[in-house]
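The figures that follow rest on heavy atoms only: side chains count, while hydrogens, waters and symmetry mates do not. The sequence lines fix the lettering, A, B, ..., with proteins before strands; numbering per chain opens at 1.
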Protein chains: 2
Amino acid sequence: MTFRLDAFLPYRLSVAAAQVSRRFAALYEAEAGLTIPEWRVLAHLDHSGAVSIRDIHARVNLDKSVVSRAASRLQGAGLVRKSGNDADRRLIVLELTPQGQALMLRLGRIAEAFQADLLAELGPDAAALDRLLSRLAGKETGAA
Amino acid sequence: MTFRLDAFLPYRLSVAAAQVSRRFAALYEAEAGLTIPEWRVLAHLDHSGAVSIRDIHARVNLDKSVVSRAASRLQGAGLVRKSGNDADRRLIVLELTPQGQALMLRLGRIAEAFQADLLAELGPDAAALDRLLSRLAGKETGAA
DNA sequence: GCAAGATCATTGCAGTTGCAACGATTATGC
DNA sequence: GCATAATCGTTGCAACTGCAATGATCTTGC
């Protein structure tokens with residue numbers, strides 16, 4: 001028998017994730033002109049409060065350099081403030097500006113609505129997906 | 001309440017898919033030095049037989065240009081043969097060479113083993129995931 | 001039969017990514 | 001206390017991506 005790519009789980013997972021991300025990315029691109037890394041940094045800051053680049057890099061599955069450049073762009077747009085950490089001067093303190101917070105309020109609502117639609121689309125198996133994603137997330141820290 | 005990125009489905013899906021893809025990509029990178037697009041083209045050709053770039057582009061969720069360049073590299077490596085279609089000379093006929101077939105035999109076994117491991121990791125919810133991915137795949141053809 | 005439009009693969013190009021330096025700062029071993 | 005190693009954020013660089021031409025070929029309307 002020949003190999004069937006369209007029955008291969010990693011491939012199907014990747015395609016599905018890309019499609020969902022693409023659909024949602026179109027929303028915040030239209031709303032605020034954000035790229036995916038910018039959205040992730042902003043969204044993480046909304047919940048985490050003041051935090052370093054290293055922190056975001058570790059939690060949000062983006063390379064240090066990507067976080068660094070996204071943060072710079074967000075700073076340029078007035079959505080994020082960068083300051084120095086006095087206790088450890090290697091670190092940078094990132095936090096949302098009032099404009100950043102206001103934007104995340106709007107984007108958060110859009111995200112919730114999108115997720116609700118998605119869950120409706122997924123139907124009764126959504127709970128199983130939730131469990132699966134938690135299990136996968138726990139597996140690989142990528143720290144190797 | 002602030003927005004919680006790590007409870008947001010599109011984000012979690014994207015991270016999980018990236019991690020799974022990364023793990024598997026390391027395997028075929030080690031085995032044959034393939035990139036993700038090259039793997040996809042090769043794997044699709046294994047099951048589809050002779051087919052055009054346009055066909056792969058439509059089925060495998062890769063841009064035309066990405067498929068074109070991946071096919072050229074695979075041709076250079078002697079894994080794929082490119083020939084002209086006599087009925088429609090705009091089209092290119094891609095097919096695996098014997099070396100390509102031999103490689104896919106090995107990679108197919110590696111892929112099956114990887115998927116088996118993954119399914120074991122996922123446990124009893126794997127069936128639900130299968131249904132979900134089919135549903136998502138059916139939704140968006142991206143033809144808009 | 002032929003002109004206008006559609007389709008196909010390729011290529012150019014700007015933007016992004018991932019990785020490996022790099023300078024600056026802090027932690028560790030002795 | 002001080003040299004060595006580790007960590008942090010940034011930047012350079014090559015590779016890749018996605019999009020928009022481009023040239024070649026086919027299809028459609030008439």
Side-chain angles (χ1 to χ4, degrees), chain A residues 14-15 17-19 21-23 25-26 28-29 33-41 44-45 50-77 80-95 142-144, chain B residues 14-15 17-19 21-23 25-26 28-29 33-41 44-45 50-77 80-95 142-144:
Chain A
S14 167
V15 169
Q19 280 179 356
S21 281
R22 202 179 186 73
R23 277 203 275 163
Y28 54 69
E29 207 289 326
L34 297 179
T35 66
I36 293 181
E38 286 161 9
W39 150 257
R40 287 196 187 176
V41 169
H44 183 69
L45 282 179
V51 94
S52 73
I53 294 222
R54 169 80 186 149
D55 262 301
I56 299 184
H57 157 60
R59 297 243 173 85
V60 154
N61 221 246
L62 293 174
D63 191 78
K64 275 190 309 177
S65 61
V66 173
V67 176
S68 173
R69 293 191 257 244
S72 295
R73 283 193 298 262
L74 291 172
Q75 184 189 30
V80 154
R81 203 164 62 90
K82 270 176 167 175
S83 43
N85 184 327
D86 291 334
D88 184 340
R89 277 181 308 197
R90 292 172 304 179
L91 298 178
I92 280 214
V93 178
L94 287 178
E95 51 192 335
Chain B
S14 168
V15 169
Q19 280 179 356
S21 281
R22 202 179 187 73
R23 277 203 276 163
Y28 54 70
E29 207 289 326
L34 297 178
T35 66
I36 292 180
E38 286 161 9
W39 150 256
R40 286 195 188 176
V41 169
H44 183 69
L45 283 178
V51 94
S52 73
I53 294 224
R54 169 78 186 152
D55 262 301
I56 299 185
H57 157 60
R59 298 244 172 86
V60 155
N61 221 244
L62 292 174
D63 191 76
K64 276 190 309 176
S65 61
V66 173
V67 176
S68 173
R69 293 190 257 243
S72 295
R73 283 192 298 262
L74 291 171
Q75 183 189 29
V80 154
R81 203 165 62 89
K82 270 177 167 175
S83 44
N85 185 327
D86 291 335
D88 185 340
R89 276 181 310 196
R90 292 170 304 180
L91 299 178
I92 282 216
V93 177
L94 288 177
E95 50 191 334

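Comparing D:dG12, C:dT11, D:dA24 by their closest approach to the side chain of B:Ser65 singles out C:dT11. If you check C:dA9, D:dG18, C:dA21 against the side chain of B:Asp63, the one that comes closest is D:dG18. Of all nucleotides listed (C:dT16, D:dG9, C:dA9), D:dG9 comes nearest to the side chain of A:Ser52. Picking from C:dA24, D:dG18, C:dA9 the nucleotide with the shortest atom distance to the side chain of A:Arg90 gives C:dA24. Checked against C:dA21, D:dT17, D:dT25, the side chain of B:Asp88 finds its nearest nucleotide in D:dT25. When distances are taken from the side chain of A:Val66 to each of D:dC19, C:dT17, C:dC8, the shortest belongs to C:dT17. Closest approach to the B:Arg69 side chain among C:dT11, C:dT25, C:dA9 is made by C:dT11 (side chain taken as heavy atoms from C-beta onward).
Contact check for A:Val67 versus A:Val41: side-chain heavy atoms found under the 4.5 Å cut-off. Residues B:His57 and B:Ser68 have side chains not in contact (no heavy-atom distance under 4.5 Å, counting atoms from C-beta outward).
What separates CZ of B:Arg89 from P of C:dT7 is a distance of 20 Å, to the nearest Å. Atom-to-atom, CD1 of A:Ile36 to C1' of C:dG15 comes out at 14 Å; the value is rounded to the nearest Å. Between the CZ atom of A:Arg40 and the C1' atom of C:dT17 there is a distance of 13 Å, given to the nearest Å. For A:Asn85 and D:dG9, the CG to P distance is 9 Å, given to the nearest whole Å. Nucleotide C:dT16 holds its C1' atom 16 Å from the CG atom of A:Leu34, rounded to whole Å. Computed from coordinates, the A:Lys64 NZ to C:dA24 C1' distance equals 13 Å when rounded to whole Å. Between the CG atom of B:Leu62 and the P atom of D:dT17 there is a distance of 8 Å, rounded to whole Å. Rounded to an integer number of Å, the gap from B:Leu74 CG to C:dA9 P is 16 Å.
A residue-by-residue look at A:Ala87 and B:Ser72 shows that B:Ser72 has its nearest nucleotide of DNA chain C further toward the 5' end.
Between C:dA9 and B:Ser68, no contact under 4.0 Å exists linking OP1 or OP2 to a side-chain N or O. A sub-4.0 Å separation between OP1 or OP2 of C:dT7 and a side-chain N or O of B:Arg54 is absent. The side chain of A:Lys82 places an N or O atom within less than 4.0 Å of a non-bridging phosphate oxygen (OP1 or OP2) of D:dT10.
Checked by atom type, the side-chain pair B:Arg69/B:Thr35 shows no donor-acceptor distance below 3.5 Å.
Side chain of A:Ser21 to backbone of A:Ala17: a donor-acceptor contact under 3.5 angstrom is found.
The CG atom of A:Asn61 sits 13.5 Å away from the CD1 atom of A:Ile56 when rounded to the nearest 0.5 Å.
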